[in-house]
Amino acid sequence: MPETFEPRIVAFFCNWCTYTAADLAGVSRMRHAPNARIIRLMCSGRVDPQFILEAFARGADGVLIGGCHPNDCHYIEGNYKCLRRFRLLRRMLDDMGVEEKRCRLEWISASEGDKVKRVINEMVEQLKALGPLDLPGRFRDWDKEVAELEHAASAASAPCDCHAHKEEAAHA
Amino acid sequence: MDNGDGKVRIGFYVCHCGTNIAGTVDVASVAKYAAGLPGVAVSRDYKYMCSDPGQDLIGEDIREHGLNRIVVAACSPCLHEATFRTATARAGLNPFFCHLVNIREHASWVHSDRAAATAKVYDLIRAACGRVRHHKALERKRVNVRPEVLVVGGGIAGIQAALTVAESGKKVYLVEREPTIGGHMAMFDKTFPTLDCAACILTPKMSQVKAHPNITLWTYSEVAAVEGFVGNFKVKVRRKPRYVNEEACVGCMECVDACIYKEPKFEDEFNQRLGKRKPVYMSFPQATPKVVQIDPETCLHFKTGKCKQPCIASCSRNAFDFNQEERFEDIDVGAIIVATGFKPFDPARSPKYGYGHFPNVYTSLEVERLVNSAGPTGGEVVMRDGRKPKSVGIVHCVGSRNLQTNRWCSKVCCMYSLKLAHLIKEHTHAEVYNFYIDMRTPGKGYEEFYNQLLEEGVHFIRGKVAEVTDWAMTPEEEGKLVMRVEDTLAGFVRRIPVDMVVLAVGLEPQADAQGVRRMFNISCSSEGFFLERHPKLAPVDTATDGVYLAGACQGPKDIPDSVAQAGAAAAQAMALIDKGYIEMEPNAAFIDSEECSGCKSCIPLCPYTAISFDEVTVKATINEALCKGCGTCVAACPSGSIKQNLFEDVEIFSEIEEVLANA
């Protein structure tokens with residue numbers, strides 16, 4: 001881990017609560033860590049789990065989702081839908097070895113500029129402690145490992161076996 | 001618009017915003033960096049992009065360089081997205097080819113490290129230039145606006161707003177929770193700094209509301225539900241039973257005299273429980289509508305069923321209806337003005353002042369009723385023990401400017417404390433002491449009023465009262481309330497014995513403000529008052545189109561400010577209605593029916609039931625008129641066949657890719 005590791009956070013904020021809260025943090029000059037890149041969506045319900053996976057796959061060290069507090073969603077219940085998907089995705093991320101603190105869902109209302117500041121600062125500290133996720137790097141390593149294993153397998157086995165294996169694959 | 005060659009030609013503009021952005025972000029290098037991004041044909045930095053020359057710059061470049069995408073890196077889209085979209089449209093380009101990047105609120109104002117802030121801006125503009133490539137020409141859909149207005153709350157703000165809108169010829173529904181309109185102002189005796197009588201200026205307006213042909217007044221009623229959206233709200237109003245037919249009653253009060261209870265026996269809420277009323281009563285003589293009502297909690301008929309009902313016998317107009325039940329009215333309105341007012345701070349939360357413990361400790365609102373000639377004592381300032389006070393201490397900032405209670409300044413307390421000091425002195429010739437932290441008297445004629453009070457011989461002691469106690473330490477303190485205070489101007493701790501203590505209580509959000517906020521789909525600021533869209537430039541708008549704010553529900557306000565804000569809210573509602581239509585943001589979802597597998601997983605997700613299943617084509621369809629554009633269904637569609645305009649997957653994925661592309 002380099003000394004000057006600066007975690008990269010992709011943040012998906014809903015337009016009505018959390019994005020406005022981030023605006024309020026700005027208007028109130030609440031200085032916080034410059035690591036988050038905010039992407040504006042109309043509702044946290046728009047957060048497709050694939051957005052989160054894509055962000056990690058592209059090298060994000062953390063993903064932050066911000067929505068309205070329960071009962072306060074501008075679209076009545078989009079935040080609940082977000083919560084449901086988040087819970088499912090959490091389990092998948094665990095299996096992938098993405099630590100819990102790397103993906104965070106927070107309810108931040110339009111008046112909570114200070115919470116935007118606190119959450120981002122906190123997350124940056126936690127990610128610094130965890131170090132880089134570098135999923136793209138891990139993918140490369142995994143690919144290399146698989147390629148090496150395949151190479152080793154093909155070198156060790158007889159040609160007829162190899163042929164049979166190919167046939168089997170074609171049937172599958 | 002693709003200049004025939006199908007190539008994306010982006011115009012990129014970064015705003016200095018004076019030094020607001022340029023002070024923290026290296027805008028020249030941002031412009032240089034953007035120039036090297038794929039598709040960017042023009043890249044500039046400019047002092048104020050939102051100014052006319054700034055906007056013209058965009059138009060000129062569109063025409064000269066054949067631009068077909070515009071990216072402006074400036075402030076929050078909540079502030080100036082519309083400005084730059086309009087500038088884009090003026091030059092003949094579809095406004096939805098323009099995208100705004102927030103580098104002020106989200107970067108320059110919240111970071112101090114110039115290099116880090118600039119690096120963040122690089123990422124953000126790369127994302128914007130990436131997403132804007134996928135933008136499409138979109139059309140706004142028009143929705144008609146109904147010409148009726150709902151005003152919620154009949155205090156001075158609601159009254160002013162309702163009258164202004166009604167005078168312009170539009171129909172107004174004024175809904176008030178209490179039996180009468182007038183709000184807190186109706187309880188006051190006089191108003192600062194001119195000392196004109198509150199009733200003399202308020203009650204004519206109240207009668208005007210009742211008499212106005214364009215106003216439907218529903219008192220003792222509450223908004224029960226709100227549905228719909230700007231221009232087309234559907235509102236359900238709950239009308240509580242008053243057991244008196246409003247149309248028949250003329251307010252002659254014969255029934256009040258005839259009531260089986262010969263003497264008023266029950267606590268009078270309007271008089272702050274300082275007086276008594278009967279079960280059949282009118283809040284105060286000028287109540288509007290001038291109609292009595294029955295309190296079923298105290299009425300013998302409702303409690304026991306064994307009353308001889310002399311009230312019914314006394315009524316020559318047959319106005320009583322003991323079978324009345326709660327009923328609901330459904331109305332359609334185009335705009336809503338929320339003017340639900342404030343709640344005075346409950347001083348029992350600060351026990352050191354002895355409110356509720358010592359009978360001669362009063363709140364300012366109670367004293368308003370005492371000095372009022374229509375009040376429970378007929379304008380005599382008499383304490384609960386029957387004595388007239390010879391000395392009175394007024395404590396400022398009760399429940400305000402304090403971390404343990406409320407942090408904010410309630411704005412009106414200094415001025416009304418001065419007014420009460422003047423009135424108490426006038427009524428009783430007592431010695432009056434004001435205990436203040438700072439005197440805050442900004443306003444026309446306010447400082448002059450303060451100077452007048454200084455000349456009248458009212459004492460001003462700068463210091464927070466530590467305690468009100470009856471523990472006498474000297475013979476002259478016997479039987480008195482002793483105010484312990486550090487006089488920070490004289491520089492020592494004092495004990496000041498007084499007969500009566502007045503607590504200048506601050507203003508708080510209404511107890512049910514959170515429920516009201518949810519009903520109207522608006523937000524509250526951290527202290528719980530309703531949140532305006534912009535503190536300076538949209539002070540009466542809310543985040544929800546068509547819902548406006550007036551008066552102290554938005555924050556502590558005196559009468560002139562409430563009236564001014566009510567006028568502004570009325571003007572906003574009228575501007576909306578007179579235009580006759582509203583253009584909706586074209587961010588609705590739509591279905592690519594080629595891709596749709598008809599799995600129906602989107603259908604139960606939509607809170608607006610905008611998605612239905614077409615049995616013939618075996619595919620889902622979205623009713624564009626019902627879709628509000630949240631995108632929840634888009635995120636859920638397993639085949640990716642639902643798309644949301646302005647937030648298409650391809651646009652968001654390119655943002656994700658580009659913000660992370662710097663490694």
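Naming: A, B, ... by sequence-line order, numbering from 1 per chain. If you're wondering where the values come from, they're calculated on a predicted model, not measured in any experiment.
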For this session: Can you measure from CD1 (Ile38(A)) to CD (Glu655(B)) and round to the nearest 0.5 angstrom?
Result: 11.5 Å
For this session: May I ask you to decide if Arg31(A)'s main-chain N or O and His111(B)'s side chain share a donor-acceptor pair within less than 3.5 Å?
Result: no
Exercise. Any idea which of Ala60(A), Ser28(A), Cys17(A), Ala57(A) has the most non-hydrogen atom pairs under 4.5 angstrom with chain B?
Worked result: Ala60(A)
Seminar exercise, completed: Within residues 16-25 of chain B, the residues sitting under 4.5 Å from chain A by heavy atom, in sequence order, are Asn20(B)
Seminar exercise, completed: When the 4.5 angstrom heavy-atom criterion is applied to Glu585(B) and chain A, the contacting part is neither
Problem set entry | Minimum-distance pair of heavy atoms, taken over all atoms of Asp23(A) and Cys78(B) | OD2-SG, 3.7 Å
Problem set entry | Heavy-atom contacts under 4.5 Å, residues 602-611 of chain B to chain A | Leu605(B), Pro607(B), Tyr608(B)
Seminar exercise, completed: Answer key: most heavy-atom pairs under 4.5 Å with chain B among Gly78(A), Pro136(A), Ala36(A) is Ala36(A)
Seminar exercise, completed: Those residues of residues 39-46 of chain A that come under 4.5 Å of chain B on a heavy-atom basis, listed by number, are Ile39(A), Arg40(A), Leu41(A), Met42(A), Cys43(A), Gly45(A), Arg46(A)
Exercise. With a 4.5 angstrom heavy-atom cut-off, which part of Ala127(B) approaches chain A: side chain, backbone, both or neither?
Worked result: neither
Problem set entry | Test side-chain contact (heavy atoms from CB on, under 4.5 Å) applied to Arg8(A) and Asn662(B), step by step | CA-CA 10 Å; Arg8(A) 295 191 297 167; Asn662(B) 63 343; 2.4 Å; yes
Exercise. Between atom CG of Asp123(B) and atom CG of Asn35(A), what is the distance when rounded to the nearest 0.5 Å?
Worked result: 10.5 Å
Exercise. What part of Asp649(B) is in contact with chain A, defined as an atom under 4.5 angstrom from a non-hydrogen atom: side chain, backbone, both or neither?
Worked result: both
Problem set entry | Heavy-atom neighbours of Glu99(A) CD exceed 12 at 6.0 Å | yes
For this session: Under the side-chain contact (heavy atoms from CB on, under 4.5 Å) rule, what do Thr632(B) and Glu77(A) come out as? Steps first, then yes or no, please.
Result: CA-CA 9 Å; Thr632(B) 299; Glu77(A) 51 191 30; over 6 Å; no
Exercise. Considering only heavy atoms, which portion of Ala33(A) lies under 4.5 Å from any heavy atom of chain B: side chain, backbone, both, or neither?
Worked result: backbone
Exercise. Looking at Val27(A), Asp114(A), Val116(A), which has the largest count of heavy-atom pairs under 4.5 Å with chain B?
Worked result: Val27(A)
Exercise. Counting only heavy atoms not in Arg407(B), do more than 12 fall under 6.0 Å of its CZ?
Worked result: no
Exercise. Side chain, backbone, both or neither: which part of Glu6(A) has a heavy atom under 4.5 Å from chain B?
Worked result: neither
Seminar exercise, completed: Under 4.5 Å to a heavy atom of chain B? For Asn71(A) that would be both
Exercise. Checking side-chain contact (heavy atoms from CB on, under 4.5 Å) for the pair Ile656(B)/Phe12(A): CA distance, chi angles, key distance, verdict?
Worked result: CA-CA 10 Å; Ile656(B) 297 169; Phe12(A) 299 99; 3.7 Å; yes
For this session: Tabulate, in ascending numerical order, the residues of residues 515-531 of chain B having at least one heavy atom closer than 4.5 Å to a heavy atom of chain A, or enter 'none'.
Result: Arg517(B), Arg518(B), Asn521(B), Ser523(B), Cys524(B), Ser525(B), Ser526(B), Leu531(B)
Exercise. Okay, side chain of Lys120(B), backbone of Arg37(A): is any donor-acceptor separation there less than 3.5 Å?
Worked result: no
Problem set entry | Smallest separation among heavy atoms of Trp16(A) and Ala543(B), with atom names | CZ3-O, 3.2 Å
Exercise. Can you list the steps and then say if Trp109(B) with Met30(A) is a side-chain contact (heavy atoms from CB on, under 4.5 Å)?
Worked result: CA-CA 8 Å; Trp109(B) 274 354; Met30(A) 292 173 177; over 6 Å; no
Exercise. For Lys101(A), does the NZ atom have more than 12 heavy-atom neighbours from other residues, nucleotides or ligands under 6.0 Å away?
Worked result: no
Problem set entry | Greatest number of heavy atom pairs closer than 4.5 Å to chain A - which of Ala116(B), Pro77(B), Cys637(B) | Pro77(B)
Seminar exercise, completed: When the 4.5 angstrom heavy-atom criterion is applied to Val10(A) and chain B, the contacting part is side chain
Exercise. Between Tyr80(A) and chain B, which part of the residue has a heavy atom less than 4.5 Å away: side chain, backbone, both or neither?
Worked result: neither
Problem set entry | Max heavy-atom pair count under 4.5 Å with chain A, selected residue of Leu646(B), Ile652(B), Leu79(B), Leu124(B) | Ile652(B)
